[in-house]
Amino acid sequence: MTIRVYNTLTQKKEEFGYEDKQINIYVCGVTPYSNTHLGHARPSVVWDVIKKYLRWQGFLPFHVQNFTDIDDKIIAKANAEGKTALEISQHYATDYLESMDALGVERADLYPKVSEHMDDIIAMIRQLVENGHAYAVNGNVFYDVASFRAYGKLSNQRLDELQMGSRFDVDADKFNAMDFALWKRAKTGEPAWDSPWGQGRPGWHIECSAMSHKYLGTGFHFHGGGSDLIFPHHENEIAQSEGATGEPSARYWLHNGMLNLKHEKMSKSQGNFVTIKDVLEKHPKELLRFYILSAHYRSELEYHDSKLAEVARGWRRLNQFVRNLANRVDGLEGLTDVEELSKAEQDVLVTVSAAQRHFTQAMDDDFNAALAIGSLFDLMREVNGYLAEADSSLASNYVLKQVFDLYKSLAGDILGIVDLDTKPQTEGLTQPLMELVLELRTQLRSEQNYALADIIRTRLTELGVVIEDTSAGTRWQIQND
RNA sequence: GGCGGCAUAGCCAAGUGGUAAGGCAGAGCUCUGCAAAAGCUCUAUUCCCCAGUUCAAAUCUGGGUGCCGCCUCCA
């Protein structure tokens with residue numbers, strides 16, 4: 001098995017090389033000053049799936065994701081609301097983690113914060129000054145972009161083509177307009193820390209270099225984030241990390257595409273965002289994940305209010321299929337190999353292994369989840385065909401258990417697009433009441449009182465309870481998406 | 001102005017040299033008391049346009065058009 005990934009640094013797909021099973025991952029987190037929105041859901045879900053896939057393949061992902069909890073925007077908001085910057089950032093960091101939990105995103109192994117890594121940041125800035133990549137002026141420290149020959153290698157920018165200063169004023173203390181702040185001199189009313197250059201706070205990019213280096217060292221495997229971070233954030237990060245250590249920081253730079261709202265990037269500063277919590281109040285997390293994963297992680301994704309409804313039908317089919325399988329194979333834990341399989345059953349097993357192979361091939365090719373999902377639909381069609389004829393023999397149960405186990409790992413554990421909670425859909429009286437209603441309706445049907453039976457069905461549908469008459473009896477389900 | 005990306009059926013979307021996955025919607029059929037579910041069949045002679053390379057191109061090259069992102073904080 002070989003995994004190939006698109007590396008922004010080389011602008012092509014590369015074979016993923018590794019030395020041992022532990023895969024180190026640094027994903028740029030958020031600046032917590034506002035509610036967590038759908039744009040944040042994209043990299044989170046994408047990396048969640050990558051981690052779970054890698055683990056399924058026998059790797060041990062180790063994931064570090066920062067909180068940039070010292071920042072102009074946070075300070076501005078704190079001053080406006082009469083709170084401290086840390087109160088603001090803590091509040092929104094909590095909102096972020098809650099949103100991630102609600103999305104079924106596994107937590108990172110570490111969430112380092114700027115405010116807790118001042119020594120590491122200062123040490124790296126100092127190193128950069130010593131290495132001749134940074135200079136201090138009036139309590140500020142700037143990165144000397146011209147000193148780093150490879151500057152621009154990630155984003156493919158040429159220094160002389162960048163339009164710096166066109167939309168904001170350039171600090172007069174800079175050697176060069178493109179130089180960026182590593183350390184900012186304290187202004188009144190701002191949180192500040194002691195440093196060799198006086199009181200101040202870190203610039204935007206240095207925290208990721210310092211913290212990724214501290215926890216993952218140099219040459220770690222993956223560095224991820226949104227494509228909007230390629231320049232200047234990640235470009236500057238490379239300049240800092242490599243300028244300080246003399247070694248490459250990350251080997252593979254992976255960038256996810258933007259999630260747009262009405263053809264515009266969803267972002268905090270533009271105010272055009274939909275929060276994750278809002279969406280999850282109306283839709284199950286599995287549906288939101290299905291939507292996000294239905295396009296390749298590098299492409300742009302368009303969101304609008306009816307978007308989830310559009311993909312819901314296909315998603316629901318998949319879920320009901322898996323749920324039916326779950327009911328069917330429930331309690332069949334002890335099944336071992338069964339000797340006599342019919343042709344139809346052998347065919348299903350062949351399709352199962354083909355589906356798993358296609359899924360793996362898709363994920364190995366730059367984590368192509370959209371293609372991988374296609375293989376789940378292919379298998380579903382095949383199995384549904386078999387299911388129509390299947391009896392409840394041992395062989396049949398055995399085969400269906402194989403199918404279910406595959407969906408459980410791929411669609412459930414890795415992608416998180418089907419709800420496998422075996423929790424009863426209902427509580428209290430609903431279950432026995434439904435059984436009673438359906439029993440009576442079955443009686444009516446056997447008496448050919450279809451008019452009344454249909455009224456019951458219609459009224460139940462209006463209540464959100466969908467019933468289906470199958471040859472194996474009537475089944476019911478609460479429609480909740 | 002520079003850099004990066006995208007343009008595939010009514011809609012979403014995969015596909016980076018070998019003759020167009022998958023989903024939704026639509027049509028027909030099977031099953032069914034009916035409905036639903038499910039299955040089967042059909043639905044892009046063609047991949048924004050124009051040239052070129054090649055036995056072969058949605059895929060490569062050149063040019064054009066349109067859209068998006070970045071060059072300010074952003075996932």
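Order of the sequence lines sets the chain letters (A, B, ...), proteins ahead of strands, with each chain counted from 1.
- The aromatic rings of A:His223 and A:Trp253 sit parallel to each other, their planes meeting at less than 30°, with 60° as the upper class boundary.
- Residue A:Lys408 qualifies as open at atom NZ: its count of foreign heavy atoms under 6.0 Å is 12 or below.
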**Study point:** nucleotides 7-17 of chain B: protein proximity per nucleotide (B base, S sugar-phosphate only, - neither; heavy atom, under 4.0 Å)
**Key:** -----SSSS--
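- Nucleic acid contact for A:Gln448: none, since no nucleic acid atom lies under 4.0 Å from a heavy atom of the residue.
- Residue pairs meeting the salt bridge (Lys or Arg N to Asp or Glu O under 4.0 Å) criterion with at least one partner in residues 350-360 of chain A, sequence neighbours excluded, are absent.
- Evaluation of the ring-ring contact (aromatic ring centres under 6.0 Å, His included) rule for A:Phe175 yields A:Tyr135 as partners, not counting sequence neighbours.
- Comparing B:C48 with B:A9, their C1' atoms sit 14 Å apart, to the nearest whole Å.
- Scored by the salt bridge (Lys or Arg N to Asp or Glu O under 4.0 Å) test, A:Asp69 finds no partners at all (sequence neighbours excluded).
- Considering only residues two or more places apart in sequence or on other chains, A:Asn7 meets the side chain to side chain donor-acceptor pair (under 3.5 Å) condition with A:Glu14.
- Going from the P atom of B:C55 to that of B:A44 covers 31 Å, rounded to whole Å.
- Residue-level contact check: A:Asp378 touches the backbone only, with heavy atoms under 4.0 Å from sugar-phosphate atoms and none from bases.
- As rounded to the nearest Å, B:A36 and B:C47 have P atoms that lie 37 Å from one another.
- Among the protein residues, A:Gly29 comes within range of the sugar-phosphate backbone only, with heavy atoms under 4.0 Å from sugar or phosphate atoms but none that close to a base.
- Within the structure, side-chain hydrogen bond (donor to acceptor under 3.5 Å, both in side chains) contacts touching residues 455-467 of chain A (residues at least two apart or in different chains) are A:Asp454-A:Arg457.
- Sorted by first then second residue, the salt bridge (Lys or Arg N to Asp or Glu O under 4.0 Å) pairs that include residues 442-453 of chain A, not counting sequence neighbours, are A:Arg445-A:Asp469.
- Separating the C1' atom of B:C71 from that of B:C24 is a span of 39 Å, rounded to the nearest Å.
- For A:Ser89, there are no side chain to side chain donor-acceptor pair (under 3.5 Å) partners two or more places apart in sequence or in a different chain.
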Revision key, fill the gap. Reading nucleotides 31-41 of chain B from 5' to 3' and marking B where a protein heavy atom lies under 4.0 Å of the base, S where only the sugar-phosphate is that close, and - otherwise, the string is --BBBBSSSS-
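- For B:G62 and B:G23, the C1' atoms lie 36 Å apart once the distance is rounded to whole Å.
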